[in-house]
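Heads up, the thing below is written out as structure tokens.
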Amino acid sequence: MNHIKGTIGRWQGAGLMATTLLGTGVFILPQMTIATAGSGALLAWLLLTLAIIPVTLVFGRLASVFPHAAGPAYFVEKAFGRTAGRTIGLIFLLVVPLGAPAAILMTFQFVNALVPLSGWGQLGAEMGLLVLLFLLNFRGIHISAKLQFALTLAIVSVVVLMCGAGGMNIGKLGDFVSGSSTDSTMVLAAAGIAFWSFLGVEAMTHLANDFKDPGKDMIPAMMIGTVLVGLVYIACSALLLLTSSEPESGLAMVSAFDTLLGGFGAEVIGVLGIAGGLATVNVYTASVSRLIWSFSREGILPRYFDSLNSHSVPVRSLSAVLLAMACVIVLTHISGQELEHLIAWSNGVFVIIYLASMLAAAKLLSKKYLPLVCLSSVFCVMLGVALAESMLYAIVLILLLAPLLWWQKLHLARNEIVSMS
């Protein structure tokens with residue numbers, strides 16, 4: 001079997017999209033933005049949600065017209081050639097095995113809210129999560145898509161329940177916001193932090209072939225997921241402002257849940273946070289495994305990865321991705337280093353991927369999408385400027401990989417000429 005069979009519908013795709021973006025951040029990022037900008041965090045979330053909509057629409061259109069397991073790498077290759085496309089694909093490939101373990105480590109903030117773990121016990125639990133990721137993906141992404149749709153409903157239900165419990169204080173929130181001064185610099189800084197919540201828009205494009213009808217369902221699924229996530233983050237920020245939870249005191253959403261609903265915050269928020277973090281890593285694992293499979297078929301990576309199991313899953317690629325994650329987690333544990341500082345570097349890589357995809361869209365899509373492409377490109381450039389030196393990791397990767405891939409292209413072309421003569 002050498003073709004991926006689509007099994008995902010619109011609502012399952014929306015669930016995948018939403019849980020990928022919510023991830024570990026849904027119960028952590030709001031308190032971080034409030035700590036930075038106070039009530040201005042609400043404005044930061046609103047602006048960011050509006051800014052990411054054009055990006056989502058462009059990615060959705062690209063994926064529906066050009067469904068391919070390589071996602072952004074395929075779009076860029078079609079627009080600018082093989083070397084450019086494969087460079088984008090490889091920098092994505094190299095950033096996820098670092099970023100995903102960091103997300104797993106962040107997920108354990110919620111684990112520790114339920115069962116305190118440390119040392120080798122925590123390492124063993126992290127390895128257990130990787131095994132669970134393998135099992136979730138082995139029979140196809142449609143299995144986890146159904147589970148993640150249910151998880152999305154659960155997270156939204158809890159947030160709605162908390163909003164209902166705090167509804168009587170909406171007037172208090174309005175007074176609090178109107179009585180607070182908003183510093184535009186701090187709002188932008190909060191938006192920079194909040195951007196992490198929308199890293200994952202591009203990951204869905206790798207799964208286009210897993211949709212039953214990508215042309216019909218990709219854009220609705222991605223838009224539903226994106227808008228829903230924006231509303232959830234805005235609501236969570238409002239709830240924290242309502243309950244006056246201190247951002248520095250651990251997981252503020254746990255305190256807010258206890259205040260509004262009378263207890264069991266650690267259990268409810270902890271379970272949902274663990275599941276959300278696992279869901280985020282799950283989608284990236286599926287995306288990268290399909291990218292490796294695609295590159296293997298094209299001869300960029302060894303042919304060993306060019307195979308699918310009976311469920312249309314590139315299981316060898318999947319195993320390699322999870323093994324790389326395991327190695328990074330073990331090395332981090334042994335060295336005593338944390339991976340969170342790599343998040344900013346990863347962010348820089350995603351800015352490059354987003355911008356390259358938007359520029360590719362300018363060539364590949366019809367002119368009616370040009371305003372969306374221009375808005376999205378400006379957004380990406382602004383993020384790149386804001387990240388400053390954190391863009392260095394992405395730039396170094398490009399400077400190393402692009403010449404190597406160009407040389408590989410020349411070498412293969414030379415061999416073809418020799419074999420024909």
Side-chain angles (χ1 to χ4, degrees), residues 17-19 21-53 56 109-110 113 151-199 223-266 268-273 276:
M17 183 72 175
T19 49
L21 300 183
L22 290 172
T24 57
V26 63
F27 299 129
I28 296 177
L29 287 175
Q31 71 184 69
M32 294 176 65
T33 58
I34 290 173
T36 300
S39 62
L42 289 175
L43 179 59
W45 283 110
L46 178 60
L47 292 175
L48 185 65
T49 301
L50 293 175
I52 206 67
I53 286 176
T56 303
Q109 293 186 46
F110 299 100
L151 174 61
T152 300
L153 292 178
I155 291 174
V156 171
S157 297
V158 168
V159 173
V160 169
L161 186 62
M162 292 175 68
C163 287
M168 64 188 71
N169 294 320
I170 291 297
K172 173 186 173 183
L173 177 64
D175 294 338
F176 180 77
V177 173
S178 61
S180 302
S181 58
T182 301
D183 187 332
S184 59
T185 302
M186 291 298 98
V187 170
L188 290 176
I193 296 171
F195 176 63
W196 284 107
S197 62
F198 290 105
L199 287 184
M223 283 303 300
I224 291 169
T226 299
V227 173
L228 179 62
V229 165
L231 292 175
V232 168
Y233 274 107
I234 291 170
C236 287
S237 299
L239 284 170
L240 293 185
L241 290 172
L242 263 174
T243 55
S244 301
S245 297
E246 293 294 330
E248 296 83 3
S249 59
L251 293 176
M253 283 298 291
V254 172
S255 300
F257 189 97
D258 290 339
T259 299
L260 294 171
L261 298 173
F264 299 101
V268 174
I269 301 300
V271 169
L272 291 178

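The analysis underlying the following values was restricted to heavy atoms, covering all of them including side chains, and did not include hydrogens, waters or symmetry mates. This one's a predicted model, so the numbers in the text were calculated from it and none came from an experiment.
Residues satisfying the side chain to side chain donor-acceptor pair (under 3.5 Å) criterion with S197, sequence neighbours excluded, are absent altogether. Residues passing the side chain to side chain contact (heavy atoms under 4.5 Å, CB included) test with L261, sequence neighbours excluded: L161, M162, A165, F257. A235 meets the side chain to side chain contact (heavy atoms under 4.5 Å, CB included) test with V159, C163; sequence neighbours excluded.
Of all the heavy atoms in I34 and S237, the pair that sits closest is CD1-O, 3.5 Å. When all heavy atoms are compared, the tightest approach of L42 to A238 is CD2-N, 3.7 Å. The nearest pair of heavy atoms linking V268 to V158 is CG1-CG2, 4.0 Å. S157 approaches L153 most closely through the heavy-atom pair OG-O, 2.6 Å. The shortest non-hydrogen separation linking C236 to M253 is SG-CE, 4.0 Å. When every heavy atom of M223 is checked against every heavy atom of T56, the shortest pair comes out as SD-CG2, 3.9 Å.
In this structure, CD1 on I234 lies 12.0 Å from CG on L239, to the nearest 0.5 angstrom. Annotation: the span from L43 atom CG to T33 atom OG1 amounts to 11.5 Å, rounded to 0.5 Å. To the nearest 0.5 Å, atoms CH2 (W45) and CG (L50) are separated by 13.5 Å. One distance of note links CD1 of I28 with CD1 of I269; it measures 11.0 Å at 0.5 Å rounding. Annotation: the span from L47 atom CG to I52 atom CD1 amounts to 12.5 Å, rounded to 0.5 Å.
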Item to check | M32 and T36: CA distance, side-chain angles, deciding distance, side-chain contact (heavy atoms from CB on, under 4.5 Å) verdict | outcome: CA-CA 6 Å; M32 294 176 65; T36 300; 5.7 Å; no

Checklist entry - Yes or no on side-chain contact (heavy atoms from CB on, under 4.5 Å) for V227 and T49, after CA distance, side-chain angles and deciding distance? => result CA-CA 7 Å; V227 173; T49 301; 5.7 Å; no

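Classification of the Y233-F198 ring pair by plane angle, with boundaries at 30° and 60°, yields tilted.
Taking the side chain as every heavy atom from C-beta outward, I224 and M17 never approach each other to under 4.5 Å.
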